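Below you'll find the structure, written out as structure tokens, and then a few comments.
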Amino acid sequence: MIPLSIAEVSEITGATGDRVADQAAIVTGPVVIDSRQARPGSLFAALPGTRADGHDFAADAVAAGAVAVLATRPVGGPALIVPDVLAALAALARAVVDRLPHLTIAAITGSAGKTTTKDLGAQLIESLGPTVSPKNSYNNEQGHPLTVLRLTEQTRYLVAEMSARGPGHIAELCRISPPRLGVVLCVGHAHAGVFGSIDDVARAKAELPEALPPDGVAVLNADDPRVAAMAARTAARVVTFGRGPGADYRATGVTVDDAGRPGFTLVTGAGSAPVQLRLHGEHNVANALAAAALASQLGMDVAGIAAGLSAAAARSRWRMEVTRRPDGVTVVNDAYNANPEAVRAALSALAAMAGGGRAFAVLGYMTELGDQAEELHEEAGRQAARAGLAGLIVVGDPATPILTGAKAEPSWRGELVQVPDAEAAVAAVGRLVRPGDVVLVKASRAANLQRVALALTGEQPL
Ligand SMILES: Nc1ncnc2c1ncn2[C@@H]1O[C@H](COP(=O)(O)OP(=O)(O)O)[C@@H](O)[C@H]1O
Ligand SMILES: [Mg+2]
């Protein structure tokens, strides 16, 4: 982070000191919200959690070396008291950005693929200069300022992920770190239930192109009409990516190898080059194209982009993570999250990976789909059946419409089981699979199916 004195932090956040002995003491970072991560020089931000209140851990953070605690009430040690700790973190993050005139900020939003595109984009852009990008999905009002606060004087690029669970969220993240480049990947059903409708989701995602300056670049998905339409809502120059012939950055000759990894020719106005991704699933072609467009707009050449994409590894876990077990069963852990578009993508990757062999899917429910939840779960079940699975294991009561959908495909002859929980799911898979089979595990985070995946790979007992 950029070192800031207690006096500076107080001024930026409007905080009043409590038991702060030394206004000149320097916060050198990291800024943390988990007292266990506090180190000498840290600032500990006490947030009210769902299970615990950060204020209760203030003493631990100070004992570990935190210079002060950002808090809403006295904590018995050195504290900077503010009415709203998240707002204070946002103000601090913005102040850091304002001190870095040579920083270029790229932001990525969309209903699916943000983390993957962020990880791919960061791996390309790192070759251009010192780059900061969030760990995992640090993409909201809490994680984003913490990421920004990791910037240093040396940082040239911030590749940020921005998520929205309501109107105004992305606009707020853009105020914290005004992006010059903004990618919108797709508008899907993720969180549609929280927003109201898919058009409300589109309006919220459009806050990113709307926030871009006239000398900025909006990177829009030409294959998603709701995203392409955002060209009318930005002052920035627009470049597009997609599979169709009209896109500025496009993929031709897409192939998928027998491990489900896509290859393609990256075609741009400045030349073409072959790409072979190490990531699994054809949906990653779109994510790779978006990352390519970002890197190209920052000055990287096509050959470098293609080589970088081909070398890029999955940095964030539980996204199409493939484990080949010693017994010859392949487990695909895609249990990080799910929404209808992501399930479709994962099922099609599964079919490719199974080749001529047998494929199984363990599916749990998808949260926050609103009025259409039942219909969208049924559709996921129909897609699973049409993917020609050898078996579908539906986990938990709320996922029942997946079963209904799969049953409605009369031609499908696969095994169909419903189980109540993770334990029963692991047992069912154990009964059904044999060497050579591929098993996909996918659900929304709340369904907790990563436990199933980790048990199946042997990483963690249930
Ligand atoms: N372009 C895409 N289209 C459809 N589904 C996708 C796409 N990219 C990723 N996914 C699905 O979404 C899951 C989460 O991917 P991730 O990159 O973490 O997205 P996000 O950060 O937007 O949640 C993946 O495991 C995959 O199943
Ligand atoms: Mg994410």
Side-chain angles (χ1 to χ4, degrees), residues 107-123 133-140 142-144 147 159-165 169-170 173 183-192 201 204-205 208 219-224 226-227 241-243 251 254 260 262 264 277 279-293 312-322 332-353 361-364 366-368 380 383-384 387 440-447 449-450 453:
I108 298 162
T109 194
S111 297
K114 293 180 294 298
T115 297
T116 306
T117 304
K118 175 265 295 178
D119 287 341
L120 288 174
Q123 284 175 78
S133 70
K135 297 193 176 77
N136 299 320
S137 278
Y138 270 33
N139 59 15
N140 60 14
Q142 184 172 309
H144 182 65
T147 299
V159 181
E161 169 174 346
M162 292 186 173
S163 82
R165 296 183 74 257
H169 290 182
I170 289 175
L173 298 176
V183 178
V184 187
L185 293 167
C186 56
V187 171
H189 288 90
H191 310 309
V201 177
K205 305 292 181 208
L208 174 53
V219 179
L220 301 178
N221 185 349
D223 296 338
D224 184 323
R226 288 189 180 85
V227 176
F241 65 93
R243 301 281 283 267
V254 176
F264 58 92
L277 292 180
L279 309 183
H280 301 264
E282 195 177 332
H283 57 279
N284 284 313
V285 173
N287 300 336
L289 288 173
R315 276 193 177 164
S316 301
R317 296 208 57 193
W318 306 344
R319 291 158 178 93
M320 297 298 290
E321 193 173 299
V322 176
V332 184
N333 179 354
D334 200 30
Y336 185 78
N337 220 335
N339 56 63
E341 290 77 19
V343 169
R344 191 180 316 133
L347 286 169
S348 101
L350 176 65
M353 292 171 76
V362 181
L363 298 182
M366 302 177 277
T367 50
E368 298 185 341
Q383 282 163 4
L440 167 77
V441 183
K442 187 155 186 71
S444 274
R445 200 55 199 281
L449 288 200
Q450 78 275 7

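Just so it is clear, the model here is predicted, and its values are computed rather than measured. Counting starts at 1 for both ligands and their atoms, in listed order. Just the heavy atoms: all of them, side chains too, but no hydrogens, waters or symmetry mates, feed the values below.
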Could you walk me through whether Phe264 and Leu277 pass the side-chain contact (heavy atoms from CB on, under 4.5 Å) test, one step at a time?
-> CA-CA 9 Å; Phe264 58 92; Leu277 292 180; 4.2 Å; yes
Evaluate the criterion side-chain contact (heavy atoms from CB on, under 4.5 Å) for residue pair Asp119 and Arg319; output intermediate values, then yes/no.
-> CA-CA 12 Å; Asp119 287 341; Arg319 291 158 178 93; 5.9 Å; no
His169 and Asn140: CA distance, side-chain angles, deciding distance, side-chain contact (heavy atoms from CB on, under 4.5 Å) verdict = CA-CA 8 Å; His169 290 182; Asn140 60 14; over 6 Å; no
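Near Asn287, with a cut-off below 4.0 Å to any heavy atom, the atoms of ligand 1 are 1 (N), 7 (C), 8 (N), 9 (C). Heavy-atom proximity to Asp334, at under 4.0 Å, picks out these atoms of ligand 1: 24 (C), 25 (O), 26 (C), 27 (O). Distances below 4.0 Å separate heavy atoms of Ala345 from the following atoms of ligand 1: 4 (C), 5 (N). Within the listing of ligand 1, atoms 25 (O), 27 (O) sit less than 4.0 angstrom from a heavy atom of Lys442.
With hydrogens left out, the protein atom closest to atom 5 (N) of ligand 1 is Ala342 CA, 3.5 Å, a heavy atom. The shortest contact between atom 17 (O) of ligand 1 and any protein heavy atom is with Thr116 OG1, 2.6 Å. At the shortest separation from atom 19 (O) of ligand 1 among protein heavy atoms lies Gly113 N, 2.9 Å.
In this structure the side chain of Asn221 never reaches within 4.5 angstrom of the side chain of Leu185, judged on heavy atoms. Contact of the Ser111 side chain with the Lys205 side chain is registered, since non-hydrogen atoms from C-beta on lie closer than 4.5 Å. No side-chain heavy atom of Leu449 sits under 4.5 Å from any side-chain heavy atom of Lys442.
Nearest-heavy-atom check against atom 22 (O) of ligand 1 across Arg319, Lys118, Arg344, Lys114 picks out Lys114. Around atom 10 (N) of ligand 1, the closest heavy atom drawn from Glu161, Met320, His283 belongs to His283.
By the neighbour-count criterion of 12 heavy atoms within 6.0 Å, atom OH of Tyr138 is sparsely surrounded, having that number or fewer from other residues, nucleotides or ligands.
Note on Asn139: not counted as a metal contact of the Mg ion (ligand 2), no N/O/S atom lying under 2.8 Å.
In terms of polar-atom proximity, defined here as any N/O pair under 3.5 Å, Thr115 does make such a contact with ligand 1.
Sorting the N, O or S atoms of Glu161 by how far they are from the Mg ion (ligand 2) puts OE2 first.
For Ala291 against Leu120, the heavy-atom pair with the smallest separation is CB-CB, 3.8 Å.
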